[in-house]
Amino acid sequence: MDEELHERVREIIATIPAGRVATYGDVAAAAGAPTPRLVGRILAEDGQDVPWHRVLRANGTPAPHLVHRQLELLRGEGVLADGQRVDLRRYRWQPE
DNA sequence: AGGCTGACGCGGC
DNA sequence: CGCCGCGCCAGCC
């Protein structure tokens with residue numbers, strides 16, 4: 001696999017400030033990942049030590065299996081969700 | 001080689 | 001809201 005990309009993705013996610021979020025697509029684009037799926041995968045296997053909870057899907061909802069946990073962590077940073085959906089227009093952070 | 005599976009995204013109906 | 005299909009790609013049979 002691509003260790004370079006792997007690290008870049010993690011670095012970018014580490015950049016997202018508390019109280020803000022980014023989408024898989026945003027991270028993928030900033031990291032030069034070929035597809036957002038890669039981002040999800042990298043997080044699945046190596047995302048424990050980065051603010052993974054600040055990464056949402058394009059519609060503002062978290063990945064299905066961690067909705068609860070994730071929204072809870074976000075709520076702790078002041079990111080409120082309407083049901084399961086976070087208002088991206090308000091909290092979205094553009095990674096560089 | 002071929003098929004399936006995802007922490008995805010987007011456009012269509 | 002929901003469902004469907006298609007594109008994407010690394011890993012693991």
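Proteins get letters first, then strands, A, B, ... in listed order; numbering begins at 1 in each. Everything numeric here is computed off the predicted structure, so don't read it as measured data. In what follows, every heavy atom counts, from backbone to side chain, and hydrogens, waters and symmetry copies are set aside.
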Return the set of residues passing side-chain contact (heavy atoms from CB on, under 4.5 Å) with A/Glu11 (not counting sequence neighbours), or none when no residue passes. A/Glu7

By side-chain contact (heavy atoms from CB on, under 4.5 Å) - contacts of A/Arg20 (at least two apart): A/Ile16, A/Pro17, A/Trp93

Extract, from 5' to 3' on DNA chain C, the first and final nucleotides lying under 4.0 angstrom from some heavy atom of chain A. C/dC1 to C/dG11

What salt bridge (charged side-chain N to carboxylate O under 4.0 Å, His left out) pairs are there with at least one residue in residues 86-96 of chain A, not counting sequence neighbours? A/Asp26-A/Arg92, A/Asp87-A/Arg89

Using the salt bridge (charged side-chain N to carboxylate O under 4.0 Å, His left out) rule, collect all pairs that involve residues 56-67 of chain A, keeping only residues at least two apart or in two chains. none

Tabulate atom names and distances for all N/O pairs under 3.5 angstrom spanning the protein and nucleotides 10-13 of chain B.
none

Mind calculating the distance between CZ (A/Arg57) and P (B/dG9) to the nearest angstrom? 8 Å

Members of residues 78-94 of chain A that approach DNA chain B, where some heavy atom sits under 4.0 Å away: none

List in numerical order all residues of residues 41-48 of chain A for which some heavy atom is under 4.0 Å away from an atom belonging to DNA chain B. A/Leu43, A/Ala44

Can you name the side chain to side chain donor-acceptor pair (under 3.5 Å) partners of A/Asp49, sequence neighbours left out? A/Arg10

Under the side chain to side chain donor-acceptor pair (under 3.5 Å) test, residues paired with A/Asn59 that sit two or more places apart: A/Thr61

Using salt bridge (charged side-chain N to carboxylate O under 4.0 Å, His left out) as the criterion, list what pairs up with A/Glu77, not counting sequence neighbours. A/Arg54

Those residues of residues 9-24 of chain A lying under 4.0 Å from DNA chain C by at least one heavy atom: none

